Amino acid sequence: MVRKAALLALATVLLLGGQSAQAVSDTRPARDVVGGLVAPQGKFPWAVRLSMGCGGTLVEPRVVLTAGHCVGGTGKNSSIVVTAGVTDLKSRRAQTAQSEQVIRAEGFVNEVRGDDWAVVRLDKPLHLPTLPIGREPIGEGRYVVMGWGQTREDSIQQEDRLHYATVRTVPDERCATSYQKAGVALVPDEQFCAGSPGVDTCQGDSGGPMIGHGRHGEWVQVGIVSWGLGCARDGYPGVYTQISTFRPAIKAAVRKLR
Ligand code: ARG
């Protein structure tokens with residue numbers, strides 16, 4: 001995920017057709033989670049790392065939102081260690097918690113088929129900011145993605161430091177046509193695609209957030225890193241879980257675990 005260069009100016013809130021989580025505007029796309037930048041401590045305080053090698057977000061002090069394919073299924077689960085409060089996982093300031101219980105989307109089969117979300121209850125509340133989840137379907141534009149996953153498709157390592165990048169949404173039809181060539185049918189309501197040349201999420205970023213700006217400039221989660229064919233390949237953007245589609249189900253699951 002990373003080359004130095006590009007500075008993100010995550011400033012302007014673009015109002016796109018009355019959507020409530022907006023694309024971010026930036027001067028230049030950051031090229032690097034392939035193509036990203038190292039996040040300074042404190043920039044994304046609700047971003048967490050899960051021990052099976054996924055990302056997640058703190059949506060309640062005791063509940064993490066991640067991808068369905070990152071967890072084994074619904075039920076009691078004490079196998080996941082959550083590292084929070086740091087962008088550098090090796091930092092002494094890292095807070096950890098253990099999972100207690102998991103709820104995975106009911107219809108989940110595999111990430112390609114959609115329903116790719118899950119929530120995890122922690123054994124203790126973490127005293128960190130939480131990230132709100134978006135109400136409206138994602139609008140066209142640029143959004144921020146992040147993770148501790150590979151910075152290249154052929155990399156064999158995960159990163160100690162959180163990387164982030166901006167990626168542009170890709171129209172459903174265009175993405176569907178690409179993936180059709182690879183023999184995969186997208187699930188349009190449940191998934192959307194995003195990626196910019198040389199910029200993408202990659203293995204190990206799954207479960208992490210895609211974020212845009214809310215009405216007051218605050219970060220709002222609009223997607224969950226789900227899958228892709230390789231990483232940052234031309235014509236094959238990253239595929240993300242459409243948060244707004246699952247908002248009622250996610251909210252209900254969070255309520256059960258809170
Ligand atoms: N499934 C991957 C994971 O478990 C995420 C892959 C995202 N790939 C992409 N090209 N955007 O970490």
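All figures in this text were calculated on a predicted structure; none of them were measured in a lab. Sequence positions, counted from 1, serve as the residue numbers for this chain. Atoms within a ligand are numbered from 1 in the order they appear, just like the ligands themselves.
- Using a 4.0 Å cut-off between charged side-chain N and carboxylate O, Lys90 and Asp88 make no salt bridge.
- At a heavy-atom distance under 4.0 Å, only backbone atoms of Cys202 (N, CA, C or O) approach ligand 1.
- Those atoms of ligand 1 that come under 4.0 Å of a heavy atom in Gly230, given as number and element, are 9 (C), 10 (N).
- Of the N or O atoms in Gly238, none lie within a sub-3.5 Å distance of an N or O in ligand 1.
- Short contacts between ligand 1 and Cys231, defined as distances under 4.0 Å to a heavy atom of the residue, involve ligand atoms 10 (N).
- To the nearest 0.5 Å, atoms CD (Gln242) and CG (Asp172) are separated by 8.0 Å.
- Taking a cutoff of 4.0 Å between a charged side-chain nitrogen and a carboxylate oxygen, Arg62 and Glu100 qualify as a salt bridge.
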task = Might you work through the side chain to side chain donor-acceptor pair (under 3.5 Å) test for Ser206 and His69, ending with a clear yes or no?
result = CA-CA 8 Å; Ser206 281; His69 78 267; 2.9 Å; yes
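- Counting only heavy atoms of the protein, atom 5 (C) of ligand 1 lies nearest to Ser206 OG, 2.7 Å.
- When hydrogens are left out, the protein atom nearest atom 9 (C) of ligand 1 is Thr201 O, 3.2 Å; that is the closest non-hydrogen contact.
- For atom 6 (C) of ligand 1, the nearest protein heavy atom (residue, atom name, distance) is Gln203 OE1, 3.4 Å.
- Residue Arg168 qualifies as enclosed at atom CZ: its count of foreign heavy atoms under 6.0 Å is above 12.
- Judged by distance alone, the side chains of Gln41 and Ser91 never bring a donor and an acceptor atom under 3.5 Å apart.
- With a 4.0 Å cut-off on non-hydrogen atoms, Cys70 does not touch ligand 1 at all.
- Summarising the geometry, atom CD belonging to Gln150 is positioned 6.0 Å from atom SG belonging to Cys231; distances are rounded to the nearest 0.5 Å.
- Taking any N or O of His69, backbone or side chain, at least one lies under 3.5 Å from an N or O belonging to ligand 1.
- Remark: ligand 1 and Gly204 share an N or O pair separated by less than 3.5 Å (distance only, no angle test).
- Between Tyr240 and Phe192, the ring-plane angle classifies as parallel under the 30° and 60° cut-offs.
- With a 4.0 Å cut-off on non-hydrogen atoms, Leu229 does not touch ligand 1 at all.
- The closest approach between any non-hydrogen atom of Ser226 and ligand 1 is below 4.0 Å.
- Inspection of the Thr245 and Asp189 side chains reveals no N or O donor paired with an N or O acceptor under 3.5 Å.
- On a distance-only criterion, Asp200 and ligand 1 share at least one N/O pair closer than 3.5 Å.
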